[in-house]
Amino acid sequence: METEIHCLKKDMLLINYEAPDGQKLHNRLWNGGTGYGTVKLYDKKGGKMILVDEIEATHVGCEYGEYGMKDFSDEAKETVKRLVG
């Protein structure tokens with residue numbers, strides 16, 4: 001499966017999200033429901049990928065945000081540092 005979705009920032013809302021426990025874990029959280037794009041379904045035959053269907057997707061929910069490292073536990077910070085470098 002291959003998915004390509006686009007969301008225009010001009011159509012999204014900047015949300016000030018606070019978790020139910022009062023923590024503000026997301027910074028600059030953008031949300032919208034006007035995403036669009038395609039979903040391609042493939043079948044693998046003899047080592048080749050054969051396109052089975054291509055579906056147009058509209059009104060897709062989109063979300064983008066920054067999750068600050070200050071909000072992670074020390075163990076999580078170390079794991080990220082190991083993975084990212």
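For the atom pair OH of Tyr64 and CG of Leu29, the computed distance is 10.5 Å after rounding to the nearest 0.5 Å. Atom CD of Glu2 sits about 10.5 Å away from atom CG of Leu41, to the nearest 0.5 Å. The distance from the CD1 atom of Ile55 to the OG1 atom of Thr38 is 9.5 Å, given to the nearest 0.5 Å. Here the CG atom belonging to Asp53 is positioned 11.5 Å from the NZ atom belonging to Lys40, to the nearest 0.5 angstrom.
Taking hydrophobic clusters as Ile, Leu, Val, Met, Phe, Trp and Tyr residues chained together by side-chain heavy-atom distances below 4.5 Å, Ile50 does not share a cluster with Tyr42. Cluster annotation: Met49 and Leu51 are assigned to the same hydrophobic cluster (Ile/Leu/Val/Met/Phe/Trp/Tyr, side-chain heavy-atom contacts under 4.5 Å, transitive).
Between Cys62 and Ile5, the closest heavy-atom pair is SG-CG2, 4.3 Å. Heavy atoms only, all atoms of each residue included: Lys9 and Trp30 are closest at CE-CZ2, 3.3 Å. Closest approach of Gly35 and Cys7 over heavy atoms only: CA-SG, 3.8 Å.
Counted within 6.0 Å of CD on Glu54, heavy atoms from surrounding residues, nucleotides or ligands total more than 12; the atom is thus considered enclosed.
With contacts defined as side-chain heavy-atom distances shorter than 4.5 Å, the pair Thr34/Leu8 does not qualify.
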